[in-house]
Amino acid sequence: MGIRKKKQKKVNPKSRDSTEAGSAYGYTGVKRDTYFFIAFYIGKWTQETCNSMISILSSRIETPTGANKLEMYTDGNDDYTYTLQLHFMPSLIDYGQLIKIRKNGTLIGKEKRIIFGNPNPREIETTDVENFNGILRERVGRLVRKTKCFSKKKSRLNDALNTFQFYWNFMNNFQRRGSPAMLEGLENHLWSWHEFLHKQLTILN
């Protein structure tokens, strides 16, 4: 995704707002069974950005135990292998990576790697998060490629995704089974925009 003032070529990488503009990547974390949108982080494609994302994610899930290990599956970004160990004990993670092999831009194969623990190789897939990222691009105009909806500041993109995160988790009737928050047992009804805005106004007052 692009975060730019007007045109990308006019962004000065040495300017004080260089963290607010330029190329950016979104890291997202989604629960496979309920599609609960756990966490996201927007930033450069760096280990620091990956670490920030895993830090947020670790604060929002139950601490894994020997009887209830954390299952996690990602693409082949090696930053995950390092940063996960900063927040979780490797012995408490079943972690696998799906590496897509391309030739001249065409997908020709997939490789599944077991990184930590003993994940079921058949479960090592990234289809769900890829599908969710597609939904994000469909629902959030700022993420649509090559349009005039691009974000001019990273903070504005964060605001948009924070709003969508709440909408998706608490308002969206996922596959007519209730919201992801309801499927997680965090809520007992679908929120409305009126309820959302009223609660926000109450907090602001």
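Residue indices begin at 1 and follow the sequence shown. Owing to the predicted nature of the structure, the values given are computational and were not obtained by experimental measurement.
- Side-chain contact between Phe36 and Leu186: present, with at least one pair of heavy atoms (C-beta onward) separated by less than 4.5 Å.
- One N or O on the side chain of Ser52 and one on the backbone of Glu48 form a donor-acceptor pair closer than 3.5 Å.
- Taking OG1 of Thr28 as the start and CD1 of Ile42 as the end, the distance is 8.5 Å to the nearest 0.5 Å.
- Between the side chain of Thr126 and the backbone N or O of Val129, no donor-acceptor pair lies under 3.5 Å.
- Of the inter-residue distances, the one linking Thr74 atom OG1 with Leu84 atom CG reads 7.5 Å to the nearest 0.5 angstrom.
- Counting heavy atoms from C-beta on, the side chains of Thr63 and Phe88 never come closer than 4.5 Å.
- Note on Trp191 and Met182: separate hydrophobic clusters, where clusters join Ile, Leu, Val, Met, Phe, Trp and Tyr whose side-chain heavy atoms are under 4.5 Å apart, directly or indirectly.
- With a 4.5 Å cut-off on side-chain heavy atoms, His87 and Leu57 do not count as touching.
- With hydrogens and angles disregarded, a donor-acceptor distance shorter than 3.5 Å links the side chain of Gln165 to the backbone of Phe37.
- Follow the hydrophobic side-chain contacts under 4.5 Å out from Phe40 and you reach Met171 in the same cluster.
- Rounding to the nearest 0.5 Å gives a distance of 4.0 Å between CD1 of Ile115 and CD of Gln97.
- Summarising the geometry of Ile38 relative to Lys31, their closest heavy-atom pair is CD1-CG, 3.3 Å, with the distance given to 0.1 Å.
- Around atom OH of Tyr41, no more than 12 heavy atoms belonging to other residues, nucleotides or ligands sit under 6.0 Å away.
- Taken together through direct or relayed side-chain contacts under 4.5 Å among Ile, Leu, Val, Met, Phe, Trp and Tyr, Met72 and Ile61 form part of one hydrophobic cluster.
- When every heavy atom of Leu92 is checked against every heavy atom of Thr65, the shortest pair comes out as CD2-C, 3.6 Å.
- With rounding to the nearest 0.5 Å, the separation of CG in Leu70 from CD in Glu62 is 11.0 Å.
- In this structure, the side chain of Asn172 does not engage the main chain of Ser179 through any donor-acceptor pair within 3.5 Å.
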Between Asp79 and Thr46, does a side-chain contact (heavy atoms from CB on, under 4.5 Å) hold up when you go through it step by step? CA-CA 8 Å; Asp79 289 338; Thr46 64; 5.7 Å; no
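- Looking at Lys112, its side chain never comes within 3.5 Å of a backbone N or O of Gly96 through a donor-acceptor pair.
- Heavy atoms of other residues, nucleotides or ligands lying less than 6.0 angstrom from CZ of Arg122 number 12 at most.
- A donor atom on one side chain and an acceptor atom on the other are not found under 3.5 Å apart for Tyr73 and Asp128.
- Two residues are said to be in side-chain contact when any heavy atoms from C-beta on lie closer than 4.5 Å; Lys110 and Glu125 meet this criterion.
- At a threshold of 4.5 Å between non-hydrogen side-chain atoms, the residues Leu161 and Leu136 count as touching.
- Taking 4.5 Å as the limit, every side-chain heavy atom of Pro119 sits out of range of all side-chain heavy atoms of Glu71.
- Each of Phe164, Phe170, Trp168 was compared with Phe166 under the ring-ring contact (aromatic ring centres under 6.0 Å, His included) criterion, and only Phe170 meets it.
- Side-chain atoms of Lys69 never come within 3.5 Å of backbone atoms of Asp94 as a donor-acceptor pair (strictly under, hydrogens ignored).
- You'll find the ring centres of Trp45 and Tyr25 inside the 6.0 Å limit.
- Between the side chain of Asn51 and the main chain of Gln47, no donor-acceptor pair closer than 3.5 Å is present.
- When all heavy atoms of Glu195 and Leu190 are compared, the pair lying nearest together is OE1-O, 4.3 Å.
- A donor-acceptor pair is defined here as one N or O able to donate and one able to accept, closer than 3.5 Å; such a pair exists between the side chain of Arg32 and the backbone of Glu123.
- Atom CG of Asn77 and atom OG1 of Thr49 lie 10.0 Å apart (nearest 0.5 Å).
- Annotation for Gln85 and Pro90: closest pair CG-CG, 3.9 Å, computed over non-hydrogen atoms.
- In this structure, Glu184 and Asp33 approach most closely via the heavy-atom pair OE2-OD1, 4.4 Å.
- Rounding to the nearest 0.5 Å places CD1 of Ile135 at 6.0 Å from OH of Tyr35.
- Residues Tyr95 and Thr81 have side chains that never bring a donor and an acceptor to within less than 3.5 angstrom of each other.
- Taking the side chain as every heavy atom from C-beta outward, Leu86 and Ile54 never approach each other to under 4.5 Å.
- Nearest heavy atom pair, residue Gly105 against residue Arg102, reads O-NH1, 3.9 Å.
- At a threshold of 4.5 Å between non-hydrogen side-chain atoms, the residues Ile124 and Ile114 count as touching.
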